[in-house]
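A quick write-up on the structure given underneath.
Labels below follow one simple rule: chain letters A, B, ... track the order of the sequence lines, proteins then strands, and each chain is numbered from 1.
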Amino acid sequence: MNTEQIEVIYVDGERKQFPRGVSIQQALDAVGKGRDRWIAARWNGALVDLRFVLEEGGRLEGVSADSKEGLEILRHSTSHVMAQAVKMLYPGASIAIGPAIENGFYYDFEVDEPFTQEDLARIESKMKEIISSRLEVKRREMPREEAIRFFRERNESYKVELLEEIPDEVISCYQQGDFLDLCRGPHIPHTGYVKAFKLLSVAGAYWRGDESKPMLQRIYGTSFPDRDGLKQYLKFLEEAQKRDHRRLGKDLDLFSFSDEVGGGMPIYHPKGALLRHILESFEKREHLRRGYQIVMGPTLLKTDLWKRSGHFDNYRENMYFTEIDEQSYGVKPMNCLAHMLIYKSRIRSYRDLPIRYFELGTVHRHEKSGVLHGLLRVRQFTQDDAHILCMPEQLHEEIQRIIDFVIEVMGIFGFEYEMEISTRPEKSIGTEEDWEKATDALVGALNEKGIAHSICEGDGAFYGPKIDVKLKDALDRKWQCATIQCDFTLPDRFDLTYIGADGNRHRPVMVHRVILGAVERFMGVLIEHYAGAFPLWLSPVQATIVTVTDAQAQFAAKVWEELKELGLRVELDDRNEKLGYKIREAQMQKVPYMLVIGDREVGAVGIAPRRRDGTQLELMSTGDFAALVEKECLEASKGRVGLGII
RNA sequence: GCCGACGUAGCUCAGGGGUAGAGCAGCUGAUUCGUAAUCAGCAGGCCAAGGGUUCAAAUCCCUUCGUCGGCUCCA
């Protein structure tokens with residue numbers, strides 16, 4: 001009866017016959033390839049447990065712990081082990097959810113007392129016990145009602161809530177020892193498969209990320225197939241801390257924050273201000289050469305205007321208001337209004353379009369205190385903002401031009417990035433048709449460029465859909481920088497028009513876009529990206545002149561003047577310190593070049609440059625050095641910036 | 001805003017009811033030196049701010065502000 005044979009096809013094309021009812025584990029063992037490495041498998045495209053029983057033929061592929069999917073399964077299983085440990089140590093705890101995330105996993109619990117660092121250590125050792133007892137991880141399927149009853153009896157109200165939203169009649173759970181968790185799976189065969197893990201931190205997290213829901217205790221951890229992987233990751237975290245822009249901002253004396261000033265308001269020190277200035281100069285030039293016009297709008301605009309634009313209704317909680325002569329004014333959180341008024345200041349012809357207004361506009365937004373984060377999340381920031389007004393038929397090309405702009409700039413800085421399209425959110429203005437048209441324009445432009453992107457449903461701005469470009473910080477956290485947002489509504493609200501070739505008035509289309517995003521945030525990510533060692537063209541100090549003894553002070557001062565005159569950003573260190581001391585200091589300040597001047601250089605009327613990577617250049621004249629710097633700047637900036645951008 | 005941790009000299013940190021500590025940086029002096037730290041001396045603090053408990057608070061308690069890790073939000 002049960003003698004029927006089924007055929008299994010392996011990834012390499014090999015085929016084998018098995019009696020029906022064979023397990024994945026057995027089918028994989030039969031070919032021996034990668035034996036013991038598999039923690040799960042892909043069966044006809046779907047991820048399944050090794051214990052999964054085959055009832056019919058199909059394609060089989062082993063999944064190992066070091067593959068992307070395998071790692072996710074391992075981490076997910078580790079989160080179950082952690083939840084089991086927590087339930088053993090704190091029987092009153094309720095479990096919520098515990099997924100694998102980018103660099104590890106977490107699990108949310110409801111407990112009477114928040115976890116402490118010491119608790120983490122206790123939980124870790126309990127987990128080690130669970131792991132060494134190699135508990136079988138079993139999949140159990142049961143009717144939904146039974147599962148609800150089960151979790152209700154155990155006071156797992158969060159699981160019950162989740163179950164009530166799952167439409168399936170049969171749901172799956174995974175059990176190891178006494179611990180049973182609602183889960184889709186797959187999982188590792190037994191807890192001994194967890195090889196190297198660490199619990200990293202505790203944090204509060206709202207149930208389902210909703211402020212109105214109870215706050216749970218989240219434990220973050222990570223898990224790897226082997227000790228080395230874990231060690232490497234912990235090392236990465238340590239290294240990342242060293243390139244944290246807040247750390248480097250202090251060490252390199254770029255910027256600071258002050259209690260007395262208030263949170264989220266950066267203060268730029270000379271080198272930070274210079275760095276920002278270089279970035280902004282670069283930006284202005286790049287915009288001018290692409291047909292943008294530089295404009296400037298005021299910081300305070302009457303509240304009535306914000307009402308007209310829709311910001312008052314949709315963005316009020318993020319805005320600051322003040323009163324002048326009994327008139328209410330709002331501090332701008334965006335730059336678009338003045339740009340609209342400039343457009344409206346005269347009659348526009350179709351021949352004028354597209355119009356591209358660019359402003360390095362400083363805006364203020366009331367961000368909740370808990371989200372402020374160095375330069376990456378502040379309350380006052382300057383956007384490299386532009387508003388493009390064009391005819392509907394020009395929209396497509398304009399969006400492509402912007403995408404090209406973004407790609408070119410990211411290339412110059414050497415950033416990796418991800419693009420996301422965000423669609424209509426609940427709280428929004430405009431007609432369904434406008435939203436559809438705008439969304440299609442964005443998707444179409446990315447598709448034609450062949451750029452991979454994800455779609456975030458409901459994440460758009462209240463006035464239109466957008467493409468976001470995300471950069472990663474040193475700790476792999478993503479930050480939105482460039483964004484391209486369509487807006488079919490503002491032109492309407494402000495009744496913007498142009499006279500078409502037909503002599504009639506038409507409505508232009510508007511695109512809001514930023515390339516760097518906020519200059520502050522971009523600088524923060526930039527600092528981490530380069531670990532403070534800026535390329536020559538960006539570095540606020542390009543070279544430090546270091547004298548060997550006091551005897552060369554006069555000559556060094558002359559060299560200093562010459563180099564400044566040639567457009568270099570140079571500092572002079574003629575302190576009465578030993579050469580090694582001064583080199584060390586310049587090195588720690590990550591200055592690209594150190595120009596050593598001793599008696600030899602004075603005699604030869606030159607300088608001896610040393611790169612920050614330690615390489616020593618031959619003695620040369622100031623003119624030759626300036627030429628060298630210029631060449632290097634141009635190379636690094638892809639021909640954009642040479643000497644003396646400022 | 002919410003949960004938790006933290007706030008001591010310019011920086012990095014020790015101290016934990018009974019006279020405020022170190023290293024680096026700073027200042028002064030000596031040294032005049034060739035590619036990642038020369039030596040010595042001096043100075044530096046309302047222990048985040050405000051309130052309380054106590055004979056006595058940097059230390060214990062409360063409030064506020066700020067920072068850090070998250071949640072949420074966003075450039």
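The stretch residues 362-376 of chain A participates, sequence neighbours left out, in these salt bridge (Lys or Arg N to Asp or Glu O under 4.0 Å) pairs: A:Glu211-A:Lys368, A:Glu367-A:Arg377. Evaluation of the ring-ring contact (aromatic ring centres under 6.0 Å, His included) test over residues 538-558 of chain A, restricted to residues two or more places apart or in two chains, returns none. Among pairs with a residue in residues 100-109 of chain A, those fulfilling salt bridge (Lys or Arg N to Asp or Glu O under 4.0 Å) read A:Glu102-A:Lys472, A:Asp108-A:Arg218, at least two apart in sequence or across chains.
For A:Arg243, the side chain to side chain contact (heavy atoms under 4.5 Å, CB included) partners at least two apart in sequence or on another chain are A:Leu248, A:Ala474, A:Ala531. For the salt bridge (Lys or Arg N to Asp or Glu O under 4.0 Å) test, residues two or more places apart in sequence or in another chain that qualify with A:Glu165 are A:Arg208. Listed by chain and residue number, A:Asp574 satisfy the side chain to side chain contact (heavy atoms under 4.5 Å, CB included) test with A:Ala553 (two or more places apart in sequence, or in another chain). When the side chain to side chain contact (heavy atoms under 4.5 Å, CB included) test is applied to A:Pro592, the partners found at least two apart in sequence or on another chain are A:Leu536, A:Ser539, A:Arg612. The salt bridge (Lys or Arg N to Asp or Glu O under 4.0 Å) check on A:Asp459 picks up nothing, with sequence neighbours excluded. Annotation: side chain to side chain contact (heavy atoms under 4.5 Å, CB included) contacts of A:Gln552 (sequence neighbours excluded): A:Thr547, A:Val548, A:Thr549, A:Ile597, A:Asp599, A:Val602.
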Polar-atom pairs under 3.5 Å, protein N or O versus N or O of nucleotides 60-63 of chain B: list them with distances, or write none.
none

Nucleotides 66-68 of chain B: which of its N/O atoms have a protein N/O under 3.5 Å away?
residue	atom	partner	partner atom	Å
B:G66	O2'	A:Asp259	OD1	3.1
B:C68	OP1	A:Arg246	NH1	3.0
B:C68	O3'	A:Arg246	NH1	3.4

Quiz item: Quick one: what's the B/S/- string for nucleotides 35-44 of chain B, heavy-atom cutoff under 4.0 Å, read 5' to 3'?
Solution: BBBB------
